[in-house]
Amino acid sequence: MCGITAIVAHSAVNLDLYESLSVLQHRGQDSAGIATCESGRLYMRKGNGLVRDVFYKKHMENLRGKMGIAHARYPTAGTSSSAEAQPLYVNSPYGIALAHNGNLTNAEQLKEELFQSELRHLNTDSDTEALLNIFAHELQLIAKPEFNHEDIFTAVSELHRRCRGGYAVVAMVVGKGILAIRDPNGIRPLVYGIRKTDLGTDYMIASESVALQAQGFELVRDVEPGEAIFISEACELFSQQCAENPKLSPCIFEYVYFARPDSIIDGISVYKSRLRMGQTLVQKIMREMPDHDIDVVIPIPDTSRSTALEVAYHLNVKYREGFIKNRYIGRTFIMPGQQERKKSVRQKLNPIELEFAGKNVLLVDDSIVRGTTSKQIVQMAREAGAKKVYMASAAPPVRYPNVYGIDMAAHAEFVAHDRTVEEITKVIGADWLVYQDLEDLIAAVQKGNPDIKAFDCSCFDGVYITQDIDNAYFERLSGKRNDAAKQAQNDVVAGQL
């Protein structure tokens with residue numbers, strides 16, 4: 001999962017790009033990058049680390065121009081190589097810088113085609129580089145010295161025809177303008193907005209609406225599945241549907257975990273969807289434990305707070321903050337190795353003992369993936385004096401990898417893999433465990449926009465809407481995503497530093 005943003009304005013965009021990228025920091029803490037353009041020249045700064053660690057005053061001063069794109073990354077294959085920090089760039093045609101959120105499921109096939117048929121060399125393992133070169137190749141076939149935005153849309157149509165998976169893209173054509181692309185299924189989020197100034201209308205594109213709001217832009221709408229939007233350097237907007245059979249099927253895990261609660265994605269308030277998750281979850285709790293002895297509901301910060309509030313309200317028990325979070329530790333389920341993940345949980349959360357001592361505690365989390373975090377949190381609650389520790393997940397059991405841009409584990413590393421709920425309860429050490437039902441999760445999210453008829457729920461039900469996922473794909477994915485592979489990859493990177 002990554003955060004992307006782009007701006008075309010009537011004044012310098014470097015500071016707006018920096019600040020909007022900081023707002024999207026939750027979507028990726030591995031690397032960050034900004035590319036801008038002025039007078040036909042490209043300026044770029046990128047590197048490993050948080051946004052605040054990559055950009056200093058001297059870098060910001062060098063990022064000149066009134067249009068640019070930016071990217072905050074976490075690696076879907078687990079590596080932390082600065083060579084894969086985005087945006088990526090090719091010099092022909094025109095000069096194109098591109099940043100990408102998502103994952104191409106046919107990346108290996110595309111890389112082979114690029115090398116064998118189109119004679120393009122790729123220097124990284126990133127599917128973003130493949131996507132960039134596909135777009136550059138298709139544009140090269142039709143590009144002319146006199147630039148025409150219609151050629152851009154023709155190239156995007158060919159990109160959709162060749163690429164499969166979930167992807168949201170921002171690209172900058174040097175000296176020409178900014179391009180936004182969303183995959184034909186609308187799996188990954190992308191929105192755009194406007195800001196009225198004395199000089200004219202500025203445009204901004206971002207992964208989440210909260211990035212627009214933070215920079216004073218008004219949300220116009222989501223980029224439609226399969227749609228391309230081109231904004232010229234002169235702030236003229238053009239849009240076109242470039243996919244043959246677009247169908248909106250957004251990733252439901254955005255609402256469960258990834259997106260900020262103050263964002264609106266595809267017309268759905270993330271905050272309100274999480275409140276509704278609490279309402280449906282508490283109904284299941286009451287069905288399975290009608291004579292409960294819960295004394296207090298405690299969220300696992302931060303994502304589950306809205307859900308936990310509703311659970312406590314409808315159970316008519318106290319809601320308390322029982323864990324204090326160290327905000328300088330990254331999201332643990334995307335840590336590169338099991339040992340690092342175990343260590344970081346204790347660094348990230350610290351219990352307030354008086355909220356646990358002598359009480360029957362219901363812990364509410366947004367989801368349970370590997371179970372590593374849940375097991376340690378249950379243990380921490382017991383060490384803080386809890387009599388009983390129950391756990392509730394706002395999401396169903398995660399049993400399948402997400403292949404559209406979220407770095408979830410290989411099958412065997414999911415705690416729910418080949419286990420019943422009772423067995424999972426024993427693994428994490430809880431006294432009782434309840435999961436949200438998938439149909440209730442869908443209903444909680446869909447209520448915000450009934451026009452959405454389907455969601456990508458593949459990590460819960462194993463149904464992949466691109467219909468191109470088989471056992472061979474999972475075997476290749478497992479080779480990249482299992483903890484042993486990630487540790488080996490990071491050892492190689494560390495040896496290069």
Side-chain angles (χ1 to χ4, degrees), residues 2 42 71 73 75-79 81-144 151-174 179 181-185 187-188 226 228 242-245 401 403-405 407 464-481 485 488-489 492-493 496:
C2 302
L42 178 78
H71 185 267
R73 173 182 182 265
T76 53
T79 60
S81 170
S82 58
E84 296 188 7
Q86 299 179 34
L88 300 181
Y89 171 76
V90 291
N91 65 2
S92 179
Y94 305 116
I96 304 169
L98 182 145
H100 163 226
N101 171 33
N103 187 58
L104 301 182
T105 55
N106 64 333
E108 297 306 315
Q109 173 192 335
L110 294 173
K111 291 173 185 178
E112 184 70 16
E113 291 175 3
L114 285 164
F115 181 74
Q116 296 291 347
S117 302
E118 293 151 20
L119 306 180
R120 284 182 172 265
H121 170 73
L122 302 185
N123 203 45
T124 72
D125 293 326
S126 169
D127 59 349
T128 304
E129 189 179 13
L131 192 151
L132 169 59
N133 277 272
I134 291 291
F135 176 66
H137 172 77
E138 297 299 339
L139 186 58
Q140 182 84 60
L141 294 177
I142 55 177
K144 301 173 287 292
D151 294 340
I152 293 282
F153 295 145
T154 301
V156 173
S157 297
E158 289 302 305
L159 181 147
H160 284 324
R161 183 184 62 82
R162 296 181 64 178
C163 297
R164 295 195 298 270
Y167 50 93
V169 177
V170 289
M172 179 169 61
V173 183
V174 175
L179 173 67
I181 309 169
R182 194 176 183 192
D183 71 81
N185 292 296
I187 298 173
R188 301 267 66 90
C242 297
E244 292 182 357
N245 297 298
V403 301
Y404 300 125
D407 185 30
Y464 295 93
I465 58 177
T466 52
Q467 299 180 351
D468 60 342
I469 307 302
D470 54 21
N471 288 333
Y473 183 90
F474 283 132
E475 288 176 6
R476 293 194 301 271
L477 191 68
S478 178
K480 294 181 178 180
R481 288 190 177 179
Q489 291 165 344
V492 171
V493 172
Q496 295 172 345

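Below, each value reflects all heavy atoms present in this structure, side chains not excepted, and no hydrogens, waters or symmetry copies.
Remark: L104 CG to D127 CG distance equals 4.5 Å, nearest 0.5 Å. Interatomic distance, CD1 of I142 versus OG1 of T154, reported as 4.5 Å (0.5 Å rounding). The line from CG of N101 to CZ of R182 is 10.5 Å long, rounded to the nearest 0.5 Å. With rounding to the nearest 0.5 Å, the separation of CD in E138 from CG in L159 is 8.0 Å. A distance of 9.0 Å separates OH of Y473 from CG of N106, quoted to the nearest 0.5 Å. D125 contributes atom CG, which lies 5.5 Å from atom NZ of K111 (distance to the nearest 0.5 angstrom).
The shortest distance between side-chain heavy atoms of I96 and L139 falls below 4.5 Å. The shortest side-chain heavy-atom distance between H137 and R162 falls under the 4.5 Å cut-off. E112 is not listed as a side-chain neighbour of E108, based on a closest heavy-atom distance of 4.5 Å or more. Using a 4.5 Å heavy-atom threshold, the side chains of E129 and N123 count as touching. Between M172 and L42 the shortest side-chain heavy-atom distance falls below 4.5 Å. Using a 4.5 Å cut-off on side-chain heavy atoms (C-beta onward), V169 and L179 make no contact.
Residues satisfying the salt bridge (charged side-chain N to carboxylate O under 4.0 Å, His left out) test with R120, not counting sequence neighbours, are none. Under the rule for a ring-ring contact (aromatic ring centres under 6.0 Å, His included), F135 has no partner lying at least two apart in sequence or in another chain.
Here the side chain of D151 pairs no donor or acceptor atom with the backbone of A143 at under 3.5 angstrom. A donor-acceptor pair is defined here as one N or O able to donate and one able to accept, closer than 3.5 Å; no such pair exists between the side chain of H160 and the backbone of P184.
Ring-centre distance between Y464 and F474: below the 6.0 Å cut-off.
Within a 6.0 Å sphere centred on CG of D470, heavy atoms belonging to other residues, nucleotides or ligands number more than 12.
Annotation for G166 and R188: closest pair C-CG, 3.9 Å, computed over non-hydrogen atoms. Minimum interatomic distance between Q86 and S126 (heavy atoms only, all atoms of both residues): NE2-OG, 4.5 Å.
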**Q.** Trace of the side chain to side chain contact (heavy atoms under 4.5 Å, CB included) decision for T128 with L98
**A.** CA-CA 8 Å; T128 304; L98 182 145; 3.6 Å; yes

(Q) Could you walk me through whether I187 and I465 satisfy the side chain to side chain contact (heavy atoms under 4.5 Å, CB included) test, starting with their C-alpha distance in whole Å, then the side-chain angles of each, then the deciding distance to 0.1 Å, before giving a yes or no? (A) CA-CA 9 Å; I187 298 173; I465 58 177; 3.7 Å; yes

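Applying the ring-ring contact (aromatic ring centres under 6.0 Å, His included) rule to pairs touching residues 90-112 yields Y94-F147, sequence neighbours excluded.
Under the side-chain hydrogen bond (donor to acceptor under 3.5 Å, both in side chains) rule, R164 has a single partner from D468, T105, T466, D183, which is D468.
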